[in-house]
Amino acid sequence: MGQHRRRTPRRRRFLAPTLVTTALSVLTVAVVVVGTHSLTPRATAVASPATSAAVAPPVPGTPSVPAAVPVTGTEPSVSSEPDPATASAAPTPTPTPTATATPAPTTAAPTPADGPLGTTATAPATPEAATVGALFTGTVRPGNHFCTASVLHSTTGNLLLTAAHCIDDPSGVTFVPGYRDGKAPYGTWRVTAVHTTTGWSRGGDQDEDFAVLETAADDSGRRVEDVVGGNTLGTDEPFGTTVRLYGYPAGGEQPLLCTNTTGRQSAYQRVVDCPDYPGGTSGGPWISTATGHVVGAIGGYQQGGDTDDTSYSAYFDHTIAALYQEAATAAAS
């Protein structure tokens with residue numbers, strides 16, 4: 001970790017509002033930050049009341065994303081019929097019988113109407129969309145969410161992925177997967193620890209603007225991944241990857257979805273053009289249509305982008321893979 005060369009700071013724009021702290025409280029702090037040559041514990045925790053093109057971090061097996069089961073009595077008013085266009089994490093291109101030298105790219109539709117690449121619309125309710133949620137401080141209510149996160153597959157079943165600039169203190173933060181219109185259809189999970197790299201914690205390195213969060217089991221003892229599934233972390237995947245980009249706008253009550261092909265902004269930054277991704281979408285996952293892996297999170301350069309129509313992500317390589325392993329080890333202890 002921390003092996004990325006620091007760059008000259010450039011103007012950034014916070015996509016997510018700063019967490020408002022009304023009173024200082026004494027917290028138990030345990031830290032997990034990855035050093036340049038070794039993993040040095042440094043993570044912020046809350047005191048508990050109780051080189052291939054597509055390489056995922058070494059976790060046992062490849063998970064499937066089960067259909068999420070909404071909590072009784074809090075179901076959202078959306079159709080439960082699965083959307084074949086987005087339920088699959090990665091459609092497989094097939095040869096075309098036409099005379100063209102290269103087949104047209106195969107993508108999952110951002111809307112049931114099979115919209116074109118680079119179109120932003122409300123995300124349909126699918127198993128994949130259920131793994132994405134909003135982060136709240138205090139009460140889960142309309143207008144009170146500030147960033148986006150997604151469930152990251154792990155053996156512990158309790159890890160989330162978001163942008164490091166979204167959160168540095170887990171106190172009072174709640175994750176609501178599948179949040180829509182003021183409802184928590186699958187339940188809520190309390191964030192208990194934030195894991196970032198030394199590059200971020202010591203210098204705000206934009207190339208390491210990602211964080212792994214730990215969550216506690218809910219009141220029924222369920223882990224978040226047991227309920228909605230999780231996305232496998234993808235590392236060293238090509239810059240020219242087509243992704244589904246999710247995010248919760250701070251002023252909206254439903255998640256956005258856009259599918260488009262990413263580019264290379266710099267050695268350690270991805271870029272994608274998707275319109276109308278404002279503040280609040282920071283931390284939103286970039287899910288590869290080819291592999292189903294999560295290969296980015298809105299953040300990085302300009303903390304996600306200086307305009308609503310272009311988003312960035314720090315490139316996922318060995319740096320985030322090491323952070324993931326450290327977080328998974330901490331969560332299992």
Side-chain angles (χ1 to χ4, degrees), residues 15-16 65-70 74-91 107-136 140 142 145-152 160-163 175-187 224 227-231 242-262 272-289 292-298 304 308-309 311 313:
L15 286 185
V65 180
V69 180
T74 58
E75 296 185 10
S77 56
V78 295
S79 170
S80 61
E81 181 180 352
D83 186 333
T86 54
S88 171
T107 62
T111 69
D114 196 17
L117 289 177
T119 299
T120 299
T122 298
T126 64
E128 183 178 89
T131 67
V132 184
L135 292 174
F136 289 78
V140 175
H145 53 90
F146 63 92
C147 262
T148 304
S150 59
V151 184
L152 197 57
L160 309 178
L161 171 70
T162 191
F175 174 66
V176 185
Y179 173 81
R180 291 175 190 259
D181 300 319
K183 298 178 182 179
Y186 309 110
V224 63
V227 178
V228 299
N231 304 303
T242 300
V243 299
R244 290 185 290 274
L245 182 67
Y246 291 89
Y248 280 85
E253 293 302 298
Q254 295 185 345
L256 299 177
L257 174 60
C258 171
T259 302
N260 212 348
T261 302
T262 72
V272 68
D273 290 328
C274 276
D276 303 322
Y277 273 71
T281 58
S282 280
W286 302 32
I287 300 177
S288 169
T289 63
H293 300 159
V294 57
V295 299
I298 297 177
D308 293 350
D309 299 336
S311 297
S313 169

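The two residues Thr162 and Ser282 come nearest to each other via the heavy atoms OG1-O, 4.3 Å. Considering every non-hydrogen atom in both Leu256 and Pro249, the closest pair reads CG-CD, 3.8 Å. Listed here is the closest heavy atom pair of Gly280 and Thr148: O-OG1, 2.9 Å. Among all heavy-atom pairs drawn from Ala130 and Pro177, the shortest one is O-CB, 3.3 Å. For the residue pair Ile298 and Gly304, the shortest heavy atom distance occurs at CG2-CA, 4.0 Å. Heavy atoms only, all atoms of each residue included: Lys183 and Val176 are closest at O-CG1, 4.4 Å.
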> Would Asp308 and Tyr277 satisfy side chain to side chain contact (heavy atoms under 4.5 Å, CB included), going step by step from the backbone distance to the final call?
Replying inline: CA-CA 5 Å; Asp308 293 350; Tyr277 273 71; 5.5 Å; no
>> Using the rule given for side chain to side chain contact (heavy atoms under 4.5 Å, CB included), can you reason through Phe175 versus Val151, listing the C-alpha separation, both sets of side-chain angles and the distance that settles it, and then say yes or no?
In response: CA-CA 10 Å; Phe175 174 66; Val151 184; 3.9 Å; yes
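Among residues two or more places apart in sequence or in another chain, the side-chain hydrogen bond (donor to acceptor under 3.5 Å, both in side chains) test is passed with Asn260 by none. Not a single side-chain hydrogen bond (donor to acceptor under 3.5 Å, both in side chains) links Ser150 to another residue, sequence neighbours left out.
Annotation: the span from Leu152 atom CG to Asn231 atom CG amounts to 7.5 Å, rounded to 0.5 Å. Separating the NE2 atom in His145 from the CG atom in Leu135 is a distance of 10.5 Å, to the nearest 0.5 Å. Atom-to-atom distance recorded for Leu245:CG and Thr281:OG1 is 7.5 Å, nearest 0.5 angstrom. Of the inter-residue distances, the one linking Ser288 atom OG with Arg244 atom CZ reads 8.0 Å to the nearest 0.5 angstrom.
By the 30° and 60° cut-offs, the orientation of the rings of Tyr179 relative to Tyr248 is tilted.
Checking Asp276 against Thr120 by side-chain atom types alone, no donor-acceptor pair falls below 3.5 Å.
A side-chain contact (heavy atoms from CB on, under 4.5 Å) with Thr289 holds for exactly one of Thr261, Thr242, Val243; it is Thr242.
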